[in-house]
Undergrad: 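My questions all concern the structure below.
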2 protein chains.
Amino acid sequence: MSEQKRPATRADEIRQAIEKDIFQGVLRPGTRLDEESLAARFGLSRTPVREAILQLVYSGLVVKKPRQGAVVAPLDLHRMVQMFEVMSEIEGLCARYAARRMSPDEKARLAELHGRAASLCESRELDEYYAVNRAFHDAIYDGSHNEVLQDMARSLFARLAPYRRYQLNHPHRVEGSFAEHGEVVAAISAADPDRAQAAMRKHVTIQADIFAEFVSIMS
Amino acid sequence: MSEQKRPATRADEIRQAIEKDIFQGVLRPGTRLDEESLAARFGLSRTPVREAILQLVYSGLVVKKPRQGAVVAPLDLHRMVQMFEVMSEIEGLCARYAARRMSPDEKARLAELHGRAASLCESRELDEYYAVNRAFHDAIYDGSHNEVLQDMARSLFARLAPYRRYQLNHPHRVEGSFAEHGEVVAAISAADPDRAQAAMRKHVTIQADIFAEFVSIMS
DNA sequence: TTCACCATTTCCGTATACAGGATATGGACC
DNA sequence: GGTCCATATCCTGTATACGGAAATGGTGAA
């Protein structure tokens with residue numbers, strides 16, 4: 001991680017709050033973001049709200065048409081599929097680089113995370129598992145030792161997070177996810193870039209398939 | 001390309017103008033972006049200038065520390081190397097997908113661009129060649145038929161553009177670049193994803209090497 | 001009943017004003 | 001002469017104000 005962790009400015013606080021609301025489903029895709037009511041809600045003026053919204057637009061969570069205001073990015077299935085496609089490639093690259101570049105300490109931490117996931121998987125503590133899952137992927141992003149790649153991965157992860165979380169309710173998905181992680185860990189431990197990349201790509205591609213299945217049922 | 005091509009709003013106009021200045025070297029890395037003087041220069045108030053700067057921050061061209069203003073992103077060599085590394089992967093992926101997905105029309109246009117480049121290469125019209133070069137890469141981004149991947153590629157291209165342009169002054173670089181493009185065109189025409197990806201990766205990696213060489217001389 | 005057109009209203013984009021923090025300048029002390 | 005500190009100035013972050021574009025609702029005609 002770089003620095004910039006303190007919100008220092010009101011606009012950043014609002015951005016984080018809105019972000020959280022979007023992730024948690026309080027603000028659903030398509031919801032209009034009215035500057036004035038948001039300003040009132042946070043007890044501020046429209047100016048910092050506008051800046052927060054602009055930041056969200058550039059992170060892709062919000063779309064904005066000139067003179068027509070901003071809405072929480074509606075889920076465009078076509079685009080979601082493309083995002084998963086790219087995500088599988090980006091995560092695959094992270095795993096590839098991680099296999100070559102992770103230090104023994106980093107590999108140990110990754111294995112430790114995987115171990116924690118094992119028990120959570122067995123006891124079916126889904127929320128906990130999801131948290132460790134996120135840490136697992138984060139560890140591999142870091143392991144790529146390429147901050148530009150990390151930023152891309154995290155940005156995509158954030159935009160897909162809500163749909164990835166949902167998948168754990170899919171029958172046997174937790175076990176499958178855990179097993180796929182296992183392959184990735186093994187390949188990285190063995191410092192085998194090709195295998196690590198392939199395993200991670202497959203892991204994400206499976207999630208994409210489940211997502212596609214999910215939306216085909218919904219429509 | 002999507003739609004959003006009309007600047008519709010002043011802030012967008014300013015953003016494009018500043019972007020252009022950065023690319024053309026009028027605003028050099030590290031230059032402070034004073035809101036008031038920019039506002040005066042464009043005959044506007046600080047508000048749209050602030051929004052333009054925020055957009056540039058999110059595109060990575062500008063960095064901003066709270067309460068300390070914005071500066072044109074100083075070139076961090078370490079990070080530049082990482083950007084080139086990712087660029088080679090992203091462009092490689094674009095070429096891979098393009099090889100599988102480009103329509104005959106798109107392939108014809110790509111070949112036509114390459115043909116235009118041939119004469120420009122021979123007559124050493126560098127500025128023209130660079131313009132066609134950009135169109136060439138753009139055509140391949142489009143050919144990936146994945147808008148998310150395209151956005152990433154264009155964003156990276158924009159941030160690296162100044163350094164890619166400079167390379168054409170390197171001895172025999174134009175010929176080398178043209179030859180590498182030729183391999184990419186051949187692989188895409190043959191619908192050979194692996195070869196297309198490898199050729200494009202190599203093309204960008206060579207640019208990264210030249211960049212590294214350049215900075216090692218400068219320091 | 002439905003569509004079209006117009007008035008109203010709402011909300012975005014921009015301008016201007018103000019307050020607080022950061023840097024720069026100058027002087028005093030070592 | 002150099003360093004440290006206080007003051008002044010500048011500039012950012014936020015608040016407020018205004019004009020105009022787009023959405024909305026109602027009324028009239030087909």
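Here the structure is a predicted model, which is why all the values come from computation and not from measurement. Labels below follow one simple rule: chain letters A, B, ... track the order of the sequence lines, proteins then strands, and each chain is numbered from 1.
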Undergrad: Does A:Arg109 have more than 12 heavy atoms from other residues, nucleotides or ligands lying within 6.0 Å of its CZ?
TA: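 Result for CZ/A:Arg109: open.
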Undergrad: How about CZ on B:Arg100, more than 12 heavy atoms from neighbouring residues, nucleotides or ligands closer than 6.0 Å, or not?
TA: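 Counting neighbours around CZ of B:Arg100, more than 12 heavy atoms of other residues, nucleotides or ligands fall under 6.0 Å, so yes.
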Undergrad: When you compare the side chains of A:Tyr97 and A:Gln197, does any donor N or O come within less than 3.5 Å of an acceptor on the partner?
TA: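 On atom types as modelled, these side chains do not qualify, holding no pair under 3.5 Å.
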Undergrad: So B:His114 and B:His181, would you call those rings parallel, tilted or perpendicular, with 30° and 60° as cut-offs?
TA: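 If you compare the ring of B:His114 with that of B:His181, the planes turn out tilted.
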Undergrad: Verify, without hydrogens or angle tests, whether A:Asn146 (side chain) and B:Gln82 (backbone) share a donor-acceptor contact under 3.5 angstrom.
TA: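 Present.
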Undergrad: Summarise protein proximity over nucleotides 10-16 of chain D in one line of letters, 5' to 3': B for base, S for sugar-phosphate only, - for none, counting protein heavy atoms closer than 4.0 Å.
TA: -SBBBBB
